[in-house]
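Taking it in order: structure first as structure tokens, then the write-up.
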Amino acid sequence: MNINKDTIIAFFTSETWHHIGRAILYYIVGIVIIRLTAFLMQRATAQKVNRQSRMLINKAITYVGTAILLVVVLAEVGVNLTALLGAAGILGLAVGVASQKSLGNILSGLFLLSEKSYEIGDVIKVADKVGVVHDIDLLSVKIRTFDNLLVRIPHETLISTEVTNITRFPIRRMDFEFRVDYSTDLNNLETLLFECSTENSLCLEEPKPFFHLNDWNSEGIGVKFGIWFMKDDYIDVRNSMFRDIYRRLTEEGIRLSLPRILLDSSMIDTNQEPAEPDQ
């Protein structure tokens, strides 16, 4: 089809330019209204809902507002919306059939949202992955690991996998487990462990620390000592308590029991020549 200069000039009449100008104006005003609405909603719900819910509300306002704005702009420039919506319906049906996995992720995400098992900023553990919840989308959750990697986990995986929220509660318990020699004075050991927790300002007085004798076997007596702390102090508490416990055990001459395999290995003379095989 040949399009000459007269046809182009006939198309761009003053009325056409009027509709195009109004469509541009609608678009600019619509974007401003969508962003202002999302901002005001964020302010209004700041003290009432968590960060995750605010993010989803913001996305819902953006997606719905953009869809309505697109319809208004297309109608203003004279696009046949009936035919367009009909084609979109057929396309949507085809895409829906082809993307059942995505729909499953969306539904799983809604169930997880209703459970409120985690939110943005929480530290979660999924299988062997541990990280901070960075973003929550319709299809997946993105976590930032502690070595600064971004890991995307689909909602369907999360709903069928054990998820541990490490920072859900403000306080946590940290356990120190080790084995001591049978010659150890257990009463003295219990006393010095409690002194370690009392002298460490990061350990909480309530709930109280606990001392537990797990078991005994050929490798020694199993001991578990637990202390409570604020979740934000995890690294500092772990490092300081390790140092304090090791220092006190060394000062008191308390020997940690080594696994049998290490004891057997230490008895091997590495300088001895291997024996000749029997003839």
Side-chain angles (χ1 to χ4, degrees), residues 50-52 112-134 136 141-149 151 153 157-182 184-217 219-259 262:
N50 56 35
R51 184 180 175 186
Q52 174 184 343
L112 291 171
L113 176 62
S114 64
E115 288 183 352
K116 298 181 180 179
S117 301
Y118 51 81
E119 60 184 52
I120 293 176
D122 285 346
V123 178
I124 64 173
K125 178 181 180 181
V126 183
D128 60 338
K129 301 291 189 300
V130 180
V132 181
V133 178
H134 178 72
I136 301 175
V141 170
K142 298 179 181 66
I143 65 173
R144 179 173 56 84
T145 62
F146 293 109
D147 53 353
N148 214 32
L149 299 177
V151 179
I153 306 176
T157 300
L158 290 170
I159 205 168
S160 59
T161 306
E162 179 178 313
V163 179
T164 303
N165 191 328
I166 298 175
T167 56
R168 177 61 178 268
F169 302 110
I171 65 172
R172 287 184 57 196
R173 194 185 78 192
M174 183 181 298
D175 295 336
F176 299 89
E177 298 188 59
F178 51 89
R179 290 187 177 277
V180 294
D181 190 82
Y182 278 104
T184 303
D185 184 339
L186 298 179
N187 290 329
N188 182 44
L189 175 62
E190 180 178 3
T191 300
L192 72 87
L193 289 176
F194 274 95
E195 287 177 355
C196 286
S197 64
T198 302
E199 294 169 359
N200 193 315
S201 60
L202 298 177
C203 297
L204 300 179
E205 296 181 2
E206 292 292 339
K208 294 182 179 180
F210 74 92
F211 176 83
H212 182 253
L213 299 175
N214 287 339
D215 58 3
W216 62 78
N217 55 30
E219 297 175 358
I221 303 174
V223 176
K224 176 187 286 188
F225 180 66
I227 55 95
W228 294 88
F229 65 98
M230 301 301 295
K231 65 180 182 181
D232 295 334
D233 298 329
Y234 176 81
I235 298 297
D236 292 335
V237 171
R238 187 171 183 83
N239 289 339
S240 61
M241 283 299 295
F242 257 107
R243 294 190 185 100
D244 293 344
I245 292 176
Y246 178 77
R247 175 178 56 82
R248 292 301 302 276
L249 292 179
T250 303
E251 291 174 353
E252 296 293 329
I254 297 176
R255 298 175 55 188
L256 296 178
S257 178
L258 297 176
L262 295 180

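Keep in mind that the numbers below use all heavy atoms, side chains included, and drop hydrogens, waters and symmetry copies.
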Could you tell me the separation between the NZ atom of K208 and the OG atom of S197, rounded to the nearest 0.5 Å?
11.5 Å

In this structure, are over 12 heavy atoms from other groups packed under 6.0 Å from E205 atom CD?
no

If you look at every heavy atom in I166 and R172, which pair is closest and at what distance?
CG2-NH1, 3.0 Å

So which heavy atom on I227 is nearest to which on P209, and how close?
CG2-CB, 4.0 Å

Does atom CZ of F169 have more than 12 heavy-atom neighbours from other groups under 6.0 Å away?
no

Non-neighbouring partners of F242 that pass side chain to side chain contact (heavy atoms under 4.5 Å, CB included), sequence neighbours left out
F176, R238

Return yes if some donor-acceptor pair links the side-chain N/O of T167 with the main-chain N/O of V123 below 3.5 Å, else return no.
yes

Verify side-chain contact (heavy atoms from CB on, under 4.5 Å) between E206 and W228, making sure each step is shown before the conclusion.
CA-CA 8 Å; E206 292 292 339; W228 294 88; over 6 Å; no

Rounded to the nearest 0.5 Å, what separation is found between the OG1 atom of T157 and the NZ atom of K129?
11.0 Å

Heavy-atom closest pair, residues Y118 and V163
CD2-CG1, 4.4 Å

Are the side chains of F229 and R173 in touch, meaning some heavy atoms are under 4.5 Å apart?
no

Short question: side chain of N165, backbone of R168 - any donor-acceptor pair under 3.5 Å?
yes

Taking all non-hydrogen atoms of both residues, which atom of T184 and which atom of D181 are closest, and how far apart?
OG1-O, 2.8 Å

Once the angle between the rings of F225 and F194 is folded into 0 to 90°, is it parallel (under 30°), tilted (30 to 60°) or perpendicular (over 60°)?
perpendicular

Among T191, L192, L193, exactly one meets side chain to side chain contact (heavy atoms under 4.5 Å, CB included) together with R248. Which residue is that?
L192

Between atom CZ of F146 and atom CD1 of I143, what is the distance when rounded to the nearest 0.5 Å?
9.0 Å

Using modelled atom types only, decide if a donor and an acceptor are shared between the side chain of N239 and the backbone of D236 within a distance under 3.5 Å.
no

Can you tell me how far apart CD (E199) and CE (M241) are? Round to the nearest 0.5 Å.
9.5 Å

Would I136 and I120 count as a side-chain contact (heavy atoms from CB on, under 4.5 Å) if you check the C-alpha gap in whole Å, the side-chain angles of each, and the deciding distance to 0.1 Å?
CA-CA 7 Å; I136 301 175; I120 293 176; 4.2 Å; yes

I171 side chain reached by P207 side chain, heavy atoms, under 4.5 Å:
yes

Keeping the roles fixed (side chain from K231, backbone from P170), state whether a donor-acceptor pair exists under 3.5 Å.
no

Quick check: does any side chain N or O of T161 sit under 3.5 Å from a backbone N or O of L158, one acting as donor and the other as acceptor?
no

Determine whether L189 and L249 satisfy the following criterion, side-chain contact (heavy atoms from CB on, under 4.5 Å), listing intermediate values before the conclusion.
CA-CA 8 Å; L189 175 62; L249 292 179; 3.6 Å; yes

Nearest 0.5 angstrom please: C196 SG to N200 CG, how far?
8.5 Å

Does I124 offer a backbone N or O that forms a donor-acceptor pair with the side chain of D122 under 3.5 Å?
no

For the student: nearest non-hydrogen atoms of V130 and K125, plus distance:
CG2-CG, 3.6 Å

Does the pair N214 and E177 meet the rule for a side-chain contact (heavy atoms from CB on, under 4.5 Å), with working shown?
CA-CA 9 Å; N214 287 339; E177 298 188 59; 3.4 Å; yes

State whether the side chain of R179 and the backbone N or O of G220 hold a donor-acceptor pair below 3.5 Å, judged by distance alone.
yes

